[in-house]
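In what follows, a structure is listed as structure tokens, so that the remarks can point back to it.
Scope of the values below: all heavy atoms of this structure, side chains included, with no hydrogens, waters or symmetry mates. In this chain, residues are counted from 1 in sequence order.
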Amino acid sequence: MGEGMAIGFDGMGRGTVMGSDMAGLAGGTEAIKLKVTGLELRLPTYDLRHLDDTPRHNWKPAILSIADNGDQEDLLLQKAILELEKKHE
């Protein structure tokens with residue numbers, strides 16, 4: 001869901017997307033239940049794309065940054081604050 005929102009905001013020009021590469025999912029998934037075993041598989045069944053037709057798994061945020069650096073200071077938040085300050089100068 002988050003990746004879809006990111007490419008949607010970018011495609012509509014409603015925000016600057018910051019972060020790391022997408023997770024590499026090739027498309028949306030659906031549950032497929034195996035009749036004999038009853039096991040359920042979640043497999044990609046449809047393609048997801050940016051409004052400019054870039055496949056979601058190939059799209060990159062406008063500002064690349066580490067999205068999660070563990071328990072240390074939030075590097076992405078620091079970078080976002082700097083970008084906001086630039087826009088308000």
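The residue from D53, D52, T54 that alone fulfils the side-chain hydrogen bond (donor to acceptor under 3.5 Å, both in side chains) condition with H50 is D52.
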Problem - Residues D21, L64; criterion side chain to side chain contact (heavy atoms under 4.5 Å, CB included); working and verdict - result: CA-CA 8 Å; D21 291 338; L64 286 171; 3.8 Å; yes
Handout entry: Derivation and outcome, side chain to side chain contact (heavy atoms under 4.5 Å, CB included), residues L39 and K33
Key = CA-CA 6 Å; L39 293 174; K33 191 170 189 170; over 6 Å; no
Practice task
Walk me through it: do V17 and W59 pass the test side chain to side chain contact (heavy atoms under 4.5 Å, CB included)?
Solution key: CA-CA 11 Å; V17 180; W59 182 84; 3.6 Å; yes
Handout entry: side chain to side chain contact (heavy atoms under 4.5 Å, CB included) assessment of F9 paired with T16
Key = CA-CA 8 Å; F9 284 136; T16 301; over 6 Å; no
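Across all their heavy atoms, P61 and S20 have their closest contact at CG-O, 3.4 Å. What you find for T37 and L34 is that their closest heavy atoms are OG1-CB, 3.5 Å.
How far CG of D10 is from CE of M5: 13.5 Å, rounded to the nearest 0.5 Å. With rounding to the nearest 0.5 Å, the separation of OG1 in T29 from CD1 in I32 is 9.5 Å. Considering CD1 of I7 and CG of L51, their distance stands at 7.5 Å, rounded to 0.5 Å.
The main-chain N or O of I63 is never found under 3.5 Å from a side-chain atom of K79 such that the two would form a donor-acceptor pair.
By the criterion of side-chain heavy atoms lying less than 4.5 angstrom apart, applied directly or through intervening Ile, Leu, Val, Met, Phe, Trp or Tyr residues, L82 is not grouped with L75; the two fall into different hydrophobic clusters.
At least one side-chain heavy atom of M18 sits less than 4.5 Å from a side-chain heavy atom of E83.
Crowding of E40 atom CD: a count of heavy atoms from other residues, nucleotides or ligands under 6.0 Å exceeding 12.
Between E3 and R56 a salt bridge is recorded (basic side-chain N to carboxylate O distance below 4.0 Å).
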